[in-house]
Chemist: 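First, the structure itself, so that you have it in front of you.
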There are 2 protein chains.
Amino acid sequence: MISLSEVHDVALRFLGSHDQRYTANRRLIVQALAMADAPLTIDGVTETEPMLALSSTYRNLAVLEEAGVVHRIVTSDDHARFELTEDVTGAHHHHLVCTDCGLVLDVTLPDELEDLLHQSLEAAAKENSFAGAHHRIDLIGLCQSCKP
Amino acid sequence: MISLSEVHDVALRFLGSHDQRYTANRRLIVQALAMADAPLTIDGVTETEPMLALSSTYRNLAVLEEAGVVHRIVTSDDHARFELTEDVTGAHHHHLVCTDCGLVLDVTLPDELEDLLHQSLEAAAKENSFAGAHHRIDLIGLCQSCKP
DNA sequence: GAAGATTTCGAGACTCATTCTCGCTTGCCC
DNA sequence: GGGCAAGCGAGAATGAGTCTCGAAATCTTC
Ligand SMILES: [Zn+2]
Ligand SMILES: [Zn+2]
Ligand SMILES: [Zn+2]
Ligand SMILES: [Zn+2]
């Protein structure tokens, strides 16, 4: 588990290499994401840090995404969700996605399975002249609160 | 490979069990999706079948999705894409997603890998009191046309 | 430290994919 | 054929996300 100050260090470095500052607002966003135990919607971020204006949060999340600090999770839910990238947290993981309330939970899979999957996906990519960057695995279903 | 008339039969059955008719418009949509070699955007569907009005196509795709005939694919791209469900085509598969143009390609993975993955995901779901329905695997990257 | 240059901020206007409305048409049932 | 429920489609409405632009903050140079 990486510490909050380490997260800030990495964020500072990533933003720096993209000629971007690590402003107070951006720091608040990163902190909110680092403290949350699941990916946050925009509203989740601004509720965690009510000082943040909505439009600035949208803009800064885009900047943080561009710099590789933040990852945008798009599901069928209306609101996108955000989390720190694996480059920042150092932990490769995947998601459980609730079709009812949109909740997203993090899970990890065995390394050997990740390896097998990576190989198969690369083979499929080559067959389609596709250049794979990373994979995404979601288990779609119902969370505890939404179960019948 | 399932035939077009079989697809229509299944669609008719699925819609029937949801008290929905299989109208001419819905038939055209299913046909467009069945003939396409990759998931289609709404615009892709109406361009394939120009008789279709936009608002009706949105409505009918929602009905077809509710009936389990059509599957909506949401990515970071602006436009959602649609394909026939695996219950209709009988072929379990996953996707290569281009981050640049939004293109989505179908790929299949080895059965043994699918089994392993299913087991690991079910274990992760149980740990989180999550009820998994199905999984989704995407390889995110760049398609042939968008490669540098 | 001050002036000027550059970047960021944020309230509100704007965009546009998707959904909703509602009068009209289609097709099923008696 | 008449009645009626379902479907149709043009256009209005919605709303998440983006853009605008003057104000505020931060950096640069002297
Ligand atoms: Zn839920
Ligand atoms: Zn995650
Ligand atoms: Zn592409
Ligand atoms: Zn597919």
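A, B, ... follow the sequence lines: proteins, then strands. Residue 1 opens every chain. All of these numbers come straight from a predicted model, not from anything done at the bench.
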Chemist: Would you mind telling me which residue lines up with the more 5' stretch of DNA chain D, A24(A) or S55(A), judged by nearest nucleotide?
Modeler: S55(A)
Chemist: Which nucleotide in the list dC9(C), dA11(C), dT18(C) gets nearest to the side chain of A80(B)?
Modeler: dT18(C)
Chemist: Please determine, for the side chain of D78(A), which listed nucleotide (dC8(D), dA16(D), dA10(D)) has the closest atom?
Modeler: dA16(D)
Chemist: Please report the distance, rounded to the nearest Å, between NE2 in H18(B) and P in dA6(D).
Modeler: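 For the pair H18(B) NE2 and dA6(D) P, the rounded distance is 16 Å.
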Chemist: To the nearest Å, how far apart are I29(A) CD1 and dT8(C) C1'?
Modeler: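 So the two atoms are 12 Å apart, to the nearest Å.
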Chemist: In whole angstrom, what separates L28(B)'s CG from dC8(D)'s C1'?
Modeler: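 Taking CG of L28(B) and C1' of dC8(D), I get 13 Å after rounding.
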Chemist: Whole-Å distance between dT25(C) C1' and M51(B) CE?
Modeler: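 The distance from CE of M51(B) to C1' of dT25(C) comes to 15 Å, rounded to the nearest Å.
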Chemist: Between E49(A) (CD) and dG10(C) (P), how many Å, whole number?
Modeler: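 After rounding, the reported distance stands at 13 Å.
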Chemist: From C-beta outward on R26(B), which listed nucleotide comes closest to its side chain: dT18(C), dC9(C), dG7(D)?
Modeler: dG7(D)
Chemist: From the options dT19(C), dA16(D), dG7(D), select the nucleotide whose nearest atom is closest to the side chain of T23(B).
Modeler: dG7(D)
Chemist: Take atom CZ of F82(A) and atom C1' of dG17(D), then tell me their distance rounded to the nearest Å.
Modeler: 9 Å
Chemist: Taking atom CG of L105(A) and atom OG of S129(B), what is their separation to the nearest 0.5 Å?
Modeler: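 Reported to 0.5 Å precision, the distance equals 9.5 Å.
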Chemist: Taking atom types as they are modelled, is there a donor-acceptor pair under 3.5 Å from the base of dG7(D) to the side chain of R59(B)?
Modeler: no
Chemist: Give every donor-acceptor pair under 3.5 Å between a side-chain atom in residues 65-73 of chain B and any protein atom, sequence neighbours left out.
Modeler:
| residue | atom | partner | partner atom | Å |
| --- | --- | --- | --- | --- |
| E65(B) | OE1 | R72(B) | NE | 3.2 |
| E65(B) | OE1 | R72(B) | NH2 | 3.1 |
| H71(B) | ND1 | E83(B) | OE2 | 3.4 |

Chemist: With a 6.0 Å cut-off on the ring centroids, do H92(B) and H134(B) count as close?
Modeler: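 No, ring centres 6.0 Å or more apart.
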Chemist: Respond yes when some side-chain nitrogen or oxygen of N25(A) is under 4.0 Å from OP1 or OP2 of dT8(C), and no when none is.
Modeler: no
Chemist: May I ask you to evaluate whether Y58(A) reaches the phosphate of dG17(D), defined as a side-chain N or O under 4.0 Å from OP1 or OP2?
Modeler: yes
Chemist: Taking atom types as modelled and ignoring hydrogens, do the side chains of H94(B) and D138(B) form a donor-acceptor contact shorter than 3.5 angstrom?
Modeler: no
Chemist: Calculate the interatomic distance between L15(A) atom CG and dT8(C) atom C1'; express it in whole Å.
Modeler: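 That distance rounds to 13 Å.
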Chemist: Would one find a side-chain N or O of S56(A) under 4.0 angstrom from OP1 or OP2 of dC9(C)?
Modeler: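 Answer no for this pair, as no side-chain N or O of S56(A) is under 4.0 Å from OP1 or OP2.
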Chemist: Can you tell me the distance, in whole Å, between the CG atom of L54(B) and the C1' atom of dC20(C)?
Modeler: 14 Å
Chemist: If only side-chain N and O atoms count, and only distance matters, is there a donor-acceptor pair under 3.5 Å linking H95(A) with D106(A)?
Modeler: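 There is such a pair between these side chains.
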Chemist: Can you figure out which of dG7(D), dT8(C), dA16(D) approaches the side chain of R21(B) most closely?
Modeler: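 Given the options dG7(D), dT8(C), dA16(D), the side chain of R21(B) is closest to dG7(D).
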Chemist: With the side chain of N60(A) defined as its heavy atoms from C-beta on, choose the nearest nucleotide among dT18(C), dA11(C), dC9(C).
Modeler: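 Of dT18(C), dA11(C), dC9(C), dC9(C) is nearest to the side chain of N60(A).
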